[in-house]
Amino acid sequence: MADADANETILTRDAALLKDTVREAGALARSMFGTELKKWTKGASSPVSEADIAVNDLLEARLRSATPDYGWLSEESADDESRLLRRLTWVVDPIDGTRNYLGGHDDWCVSVALVEDASPVLAAVFAPTSGEFFFAARGHGTTLNDAPVRATPGSELDFSRVAGPKPLVERLKPSLGEIRLHPRIGSLALRLCRVAHGALDAAFAGGNSHDWDLAAADLIVQEADGRMSDLSGEPILYNRREVTHGVLMAAGRDRHASIVAHFRDRPLP
């Protein structure tokens with residue numbers, strides 16, 4: 001019992017740290033939004049800017065100095081595999097939706113989760129231009145701007161309230177008729193989080209997403225009575241050596257079960 005109480009105290013401390021730090025990081029990103037920025041491409045086609053690096057540096061300085069025993073996994077930091085030996089690891093996307101950020105669009109955010117033994121226990125996603133601040137703690141629900149939120153109930157599908165790659169979502173339709181999806185949301189973390197407060201009924205992620213795109217949104221959806229998984233219903237594991245994931249889906253609990261059942265009978269090729 002004493003250990004459980006101590007862990008809860010630590011998580012309460014870390015929750016306050018996470019909220020304050022993500023708000024500060026969002027303010028920094030917002031101050032650089034729409035300015036002339038140095039930018040470059042990493043890998044095949046992934047854009048990076050000096051704003052991504054500045055926000056990453058702020059997050060790392062604040063979080064790691066306060067929790068030196070925790071691991072660190074960020075899109076904009078070299079991977080230090082000592083994280084695999086840590087019970088608790090910060091999983092960070094300094095600016096999720098960099099392409100939109102650089103293009104002057106609003107759908108970008110700061111996304112940070114604290115992962116314990118492969119599952120997120122704390123999560124914050126902040127979209128400064130829209131003012132949306134999602135927060136979740138395991139076992140304590142999800143809030144949007146401090147108000148509790150829940151995913152929409154039911155199992156029916158209104159495709160205008162579904163976001164994700166159209167060829168994938170089309171595999172859910174009962175006929176050959178045209179479907180009209182929700183307008184594209186360039187930030188994957190925001191796309192998934194909008195299931196948590198009912199703006200979307202379901203959201204899909206195509207292949208090649210990463211821990212830092214997903215971990216915070218995963219807990220935010222779960223704690224809002226939703227589920228997020230691969231198409232077979234298997235939960236997503238974080239802070240493993242391999243941080244890339246395949247096709248994923250988030251929805252309210254009943255709708256999630258219905259979609260998993262659909263793909264069980266009609267698996268992707």
Side-chain angles (χ1 to χ4, degrees), residues 3-4 6-22 24-26 28-29 42-43 46 48 51-98 109-126 134-139 187-189 192-193 205 207-223 228-230 234-246 248:
D3 285 347
N7 286 341
E8 191 69 20
T9 299
I10 290 169
L11 286 179
T12 299
R13 177 206 69 184
D14 290 346
L17 169 68
L18 177 60
K19 286 180 180 179
D20 290 346
T21 303
V22 169
E24 187 179 354
L28 174 60
K42 67 179 181 183
S46 183
V48 188
D52 296 86
I53 304 305
V55 174
N56 187 67
D57 289 350
L58 185 155
L59 289 165
E60 185 167 11
R62 299 288 190 274
L63 295 175
R64 298 195 81 177
S65 63
T67 57
D69 295 333
Y70 293 8
W72 180 262
L73 174 63
S74 169
E75 181 175 16
E76 306 303 344
S77 298
D79 190 7
D80 177 358
E81 290 198 348
S82 68
R83 64 182 172 79
L84 300 171
L85 305 176
R86 307 301 176 98
R87 184 175 65 86
L88 290 159
T89 294
W90 295 110
V91 178
V92 174
D93 197 340
I95 299 178
D96 182 66
T98 296
C109 64
V110 178
S111 178
V112 182
L114 182 62
V115 168
E116 179 181 32
D117 300 331
S119 298
V121 292
L122 294 174
V125 170
F126 181 29
F134 294 89
F135 184 81
R138 187 164 65 187
S187 161
L188 179 53
L192 297 165
C193 283
N208 205 39
S209 54
H210 298 83
D211 278 16
W212 46 78
D213 303 308
L214 305 168
D218 191 345
L219 184 65
I220 285 164
V221 169
Q222 285 186 54
E223 289 294 325
M228 185 168 142
S229 72
D230 66 19
E234 289 297 312
I236 306 159
L237 301 179
Y238 300 99
N239 195 34
R240 300 301 177 92
R241 182 166 276 104
E242 178 55 63
V243 299
T244 305
H245 302 272
L248 305 168

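Here the structure is a predicted model, which means the values were calculated and not measured. Computation of the quantities below employed the complete heavy-atom set of this structure, encompassing side-chain atoms and omitting hydrogens, waters and symmetry-equivalent molecules. Just so you know, residue 1 is the first one in the sequence shown, and it goes up from there.
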Output the distance between atom [atom1] ([X]) and atom [atom2] ([Y]), rounded to the nearest 0.5 Å.
X	Y	atom1	atom2	value
C193	L219	SG	CG	10.0 Å
M228	I220	CE	CD1	10.0 Å
D93	C109	CG	SG	7.0 Å
I95	L28	CD1	CG	8.0 Å
R83	L88	CZ	CG	14.0 Å
T9	D14	OG1	CG	11.0 Å

What pairs of donor and acceptor atoms, side-chain ones from residues 111-124 against any protein atom, are under 3.5 angstrom apart with sequence neighbours left out?
{"unit_1": "E116", "atom_1": "OE1", "unit_2": "R138", "atom_2": "NH2", "d": "2.9"}
{"unit_1": "E116", "atom_1": "OE2", "unit_2": "R87", "atom_2": "NH1", "d": "2.2"}

If every non-hydrogen atom of [X] is compared with every non-hydrogen atom of [Y], which pair is closest and at what distance?
X	Y	result
L237	R240	CD1-NH2, 3.5 Å
L192	A217	CB-CB, 3.7 Å
L214	S209	CD1-OG, 3.5 Å
W72	S77	NE1-OG, 3.0 Å
Y70	R86	O-NH1, 3.7 Å

With no hydrogens and no angle check, is any side-chain donor or acceptor of [X] less than 3.5 Å from a backbone partner on [Y]?
X	Y	result
D96	L188	yes
E223	G139	yes
S46	K42	no
D211	N239	yes

Just wondering, do [Y] and [X] contact through their side chains at under 4.5 Å, heavy atoms?
X	Y	value
I236	D230	no
D218	L248	no
R241	E81	yes

Apply side-chain contact (heavy atoms from CB on, under 4.5 Å) to I53 and V48, showing your working.
CA-CA 8 Å; I53 304 305; V48 188; 4.1 Å; yes
List the residues meeting ring pair (Phe, Tyr, Trp, His ring centres under 6.0 Å) with F135, not counting sequence neighbours, and say none if there are none.
none
Checking side-chain contact (heavy atoms from CB on, under 4.5 Å) for the pair V243/W212: CA distance, chi angles, key distance, verdict?
CA-CA 8 Å; V243 299; W212 46 78; 4.1 Å; yes
Less than 3.5 Å apart, which donor and acceptor atoms pair up between the side chains of residues 62-69 and the rest of the protein, not counting sequence neighbours?
{"unit_1": "R62", "atom_1": "NE", "unit_2": "E24", "atom_2": "OE1", "d": "3.1"}
{"unit_1": "R62", "atom_1": "NE", "unit_2": "E24", "atom_2": "OE2", "d": "3.4"}
{"unit_1": "R62", "atom_1": "NH2", "unit_2": "E24", "atom_2": "OE2", "d": "2.6"}
{"unit_1": "R64", "atom_1": "NH1", "unit_2": "E60", "atom_2": "OE2", "d": "2.9"}
{"unit_1": "S65", "atom_1": "OG", "unit_2": "A61", "atom_2": "O", "d": "2.6"}
{"unit_1": "S65", "atom_1": "OG", "unit_2": "R62", "atom_2": "O", "d": "3.2"}
{"unit_1": "T67", "atom_1": "OG1", "unit_2": "L63", "atom_2": "O", "d": "2.6"}
{"unit_1": "T67", "atom_1": "OG1", "unit_2": "W90", "atom_2": "NE1", "d": "2.9"}

